[in-house]
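Single-structure report; data block below.
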Amino acid sequence: MKAPWSAWWQRWPHWVARATMLWAVLYAGFGLVCALTGTSLLHHGGGSGASWPGWAVMAVGVSAAAVSGAVVVYGLRPALRVLLLALCVLAGMAAFSLLMDVITLMVAQGVDSPASTANKVLAAVGAALLAATVRSDRMSAGTAVRAWSVAPRLVQLVAWAGTLAFVPYAAMKLIWACGGTFAGITGQEMLAVSERNGASALFLTLESWGLDPTALLATLGVFLLWGLVRPWGQVFPRWTLFLRGRRVPRWLPLAPALLGAATLAPYGVMGIGYLALATAGAVTMRHGDFHSSGDALLVGWIGVIAFAVYGVALTIAARSYWLRTRPARRMPVDAKSVRGQSDTPDRPFMPERM
């Protein structure tokens, strides 16, 4: 017998539009409060600033509330689906760089603008709810769990590319963490820069031990990437002790994968464009904490290429995981009888090949 929460969760197509409407009301209220109090929702916002982002947030929330309310009353009509998709895109754009805020919070125990981060969190939740509402009319008569499967060879090659892209980045970070010199700056100078920029005590302690936290985060990112393409990302392996053999919830790897892909892929691609212009001399590259623009450009290329290749690889791997783990459709009984297969027992499900 299924637990009540499990049965409730499986009925998500019936309640997701109402959940979206509730989120939209809260999001509109958040935007209204920020607009009236002058709280800036920009990345480097302070205590007060331009009010137009708050009004824009409120407009998105009010629109989402109206459209999702129409879905509750009239059902998911084609025109409403288009409006939901447009609002989903806007919410996704508002949630851009949320991952960077999460990393900043982990490293420096603070963010540049709490209001901006809160807006990104709410926008990310809204984008997920809006996307789910768009698909809420596609629930089949029944679903079956797919057997575990390995990603196609091409996707695994992409995962290798995403992994190897982090090797120069991790090596650069570890050189500094171990006290070495790279791009004209020593490990001690880099540690002083981190301390001056407000790095947490944990970050500085790990640096003093020769462990760079961002390199450790890159390792976790690679672990996530391979979990999306290997069977142990669908069924807990033996080394997980009490969890071994159990099914991995789809949202567990997909939530961070989609967040990372939506942030790192566009960030890396845009960064490559900017660095290409800087390399060609079309724009000026500020050296920042480095001794020259050339040193800053070298470090920039290493980091941006890692983010771009990994972000694209994570996007492809997440899509493969999504397709390989989506519930299999069971044919309704009426449809079977029409096709003359009502007395034919169901065949065991075989995973599709991509």
Any chain of hydrophobic side-chain contacts (each under 4.5 Å) joining [X] to [Y]?
X      : Y      : answer
Trp232 : Trp251 : yes
Leu252 : Leu243 : yes
Trp301 : Tyr274 : yes
Leu129 : Val73  : no
Val312 : Val167 : no

Decide yes or no for [X] and [Y]: does some side-chain heavy atom of the first lie under 4.5 Å from some side-chain heavy atom of the second?
X      : Y      : value
Ser63  : Leu87  : yes
Phe290 : Leu298 : no
Phe96  : Tyr267 : yes
Leu41  : Ser113 : no
Trp226 : Thr163 : yes
Val25  : Phe30  : no

**Asked** Considering the options Val33, Leu32, Val62, Asn119, which one meets the side-chain contact (heavy atoms from CB on, under 4.5 Å) requirement together with Val57?
**Response** Asn119
**Complete:** Exactly one of Val71, Val67, Leu76 clears side-chain contact (heavy atoms from CB on, under 4.5 Å) with Arg81, and that residue is Leu76
Determine the minimum heavy-atom distance between [X] and [Y], stating which atoms define it.
X      : Y      : result
Val269 : Ala308 : N-CB, 4.0 Å
Ala115 : Thr39  : CB-CG2, 3.5 Å
Pro168 : Ala165 : CD-O, 3.5 Å
Ser136 : Val16  : CB-CG1, 3.7 Å
Arg135 : Trp322 : NE-CZ2, 4.5 Å
Thr315 : Ala261 : OG1-CB, 3.2 Å

Using 0.5 Å steps for rounding, measure from the [atom1] atom of [X] to the [atom2] atom of [Y].
X      : Y      : atom1 : atom2 : value
Met172 : Ile302 : CE    : CD1   : 5.0 Å
Leu217 : Lys173 : CG    : NZ    : 10.5 Å
Leu80  : Leu85  : CG    : CG    : 11.0 Å
Leu254 : Leu224 : CG    : CG    : 9.0 Å
Thr181 : Gln188 : OG1   : CD    : 10.0 Å
Trp52  : Ser40  : CH2   : OG    : 9.0 Å

**Message:** Applying side-chain contact (heavy atoms from CB on, under 4.5 Å) to Leu130 and Thr20, what does each step give before you reach the verdict?
**Reply:** CA-CA 6 Å; Leu130 289 165; Thr20 303; 3.6 Å; yes
**Asked** Under 30°, 30 to 60°, or over 60°: which ring-plane class applies to Tyr310 and Phe166, parallel, tilted or perpendicular?
**Response** tilted
**Message:** Does the plane of the ring in Tyr169 sit parallel, tilted or perpendicular to the ring in Phe307? Use 30° and 60° as the thresholds.
**Reply:** tilted
Evaluate whether atom [atom1] of [X] has more than 12 neighbouring non-hydrogen atoms of other residues, nucleotides or ligands under 6.0 angstrom away.
X      : atom1 : answer
Arg238 : CZ    : no
Arg244 : CZ    : no
Met93  : CE    : no

**Asked** Do Ser68 and Trp23 get their side chains close enough for a donor-acceptor pair, meaning under 3.5 Å?
**Response** no
**Request:** Evaluate the criterion side-chain contact (heavy atoms from CB on, under 4.5 Å) for residue pair Met285 and Leu275; output intermediate values, then yes/no.
**Result:** CA-CA 8 Å; Met285 182 73 178; Leu275 291 181; 3.9 Å; yes
Counting N and O atoms only, with roles assigned by atom type, does the side chain of [X] sit under 3.5 Å from a partner on the main chain of [Y], one being a donor and the other an acceptor?
X      : Y      : value
Thr186 : Glu189 : yes
Thr240 : Pro237 : yes
Gln156 : Val229 : no
His287 : Ala296 : no

**Asked** Looking at residues at least two apart in the chain, or sitting in another chain, which of them share a salt bridge (charged side-chain N to carboxylate O under 4.0 Å, His left out) with Arg286?
**Response** none
**Asked** Yes or no on side-chain contact (heavy atoms from CB on, under 4.5 Å) for Arg246 and Val235, after CA distance, side-chain angles and deciding distance?
**Response** CA-CA 6 Å; Arg246 297 190 179 188; Val235 179; over 6 Å; no
**Request:** Quick one: do Ile316 and Tyr321 satisfy side-chain contact (heavy atoms from CB on, under 4.5 Å)? Show the steps, please.
**Result:** CA-CA 9 Å; Ile316 296 173; Tyr321 186 91; over 6 Å; no
